[in-house]
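Down below is the structure, laid out as structure tokens.
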Amino acid sequence: MLVNLRLSVLDRSGLPEDLKITIVERSGPGDRDPVDAVLDEIEARPDVDRLVVGIRRRSPVGKALLGSVSQRLLLESPVPVVAVKPPV
């Protein structure tokens, strides 16, 4: 299962065609907490056995002032989390 948090259609062009996935497009108000959206999907689907999140580098100011969706998912997920970074 893949949860798209962007509130826009996911670009699947980089995914292998034979990859079996279920894409869950995020819906509801744009101000809904994305962490809650992901955790709700995990709770609703008992077959989910891990969460893979994309991470990116944040500045020290960004770490101090802004919350991080990835960080919250790492800490709050009820299933193991794998964090990956995009290629440079």
Side-chain angles (χ1 to χ4, degrees):
M1 174 181 70
L2 190 146
V3 178
N4 178 16
L5 294 178
R6 293 187 167 223
L7 290 174
S8 60
V9 177
L10 180 69
D11 177 11
R12 298 175 60 166
S13 63
L15 300 175
E17 290 184 22
D18 61 340
L19 182 64
K20 294 181 183 181
I21 59 171
T22 300
I23 297 178
V24 177
E25 297 290 348
R26 184 175 165 209
S27 61
D31 61 349
R32 181 174 182 215
D33 182 7
V35 174
D36 288 342
V38 171
L39 296 177
D40 289 348
E41 287 297 332
I42 291 172
E43 184 177 320
R45 300 167 187 268
D47 58 328
V48 173
D49 60 3
R50 77 184 46 100
L51 174 64
V52 179
V53 296
I55 58 171
R56 62 178 178 217
R57 188 176 192 106
R58 292 188 302 153
S59 70
V61 172
K63 290 177 187 175
L65 298 177
L66 303 173
S68 166
V69 170
S70 299
Q71 181 176 344
R72 286 187 51 212
L73 287 170
L74 283 166
L75 296 173
E76 298 178 25
S77 175
V79 296
V81 180
V82 177
V84 297
K85 65 179 187 169
V88 178

- Item | Rounded distance [0.5 Å steps], CG in D36 versus CD in E43 |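 Between D36 CG and E43 CD, I get 10.5 Å after rounding to 0.5 Å.
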- Item | Separation of D49 CG from I42 CD1 (nearest 0.5 Å) |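 Nearest 0.5 Å value for the CD1-CG distance: 10.5 Å.
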- Message: Using every non-hydrogen atom in the two residues, find where V48 and V79 come nearest and quote the distance to one decimal.
- Response: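 Closest approach of V48 to V79, heavy atoms only: O-CG1, 3.7 Å.
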- Item | Co-members of the apolar cluster containing V84 [side chain, <4.5 Å] |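 Listed partners: V52, V82.
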- Test side-chain contact (heavy atoms from CB on, under 4.5 Å) applied to V53 and Q71, step by step: CA-CA 10 Å; V53 296; Q71 181 176 344; over 6 Å; no
- Item | Sequence-distant partners of D40, side-chain hydrogen bond (donor to acceptor under 3.5 Å, both in side chains), two or more places apart |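 Residues passing side-chain hydrogen bond (donor to acceptor under 3.5 Å, both in side chains) with D40: R32.
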- L39-L75 co-clustered via ILVMFWY side chain contacts under 4.5 Å: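 Shared cluster, no.
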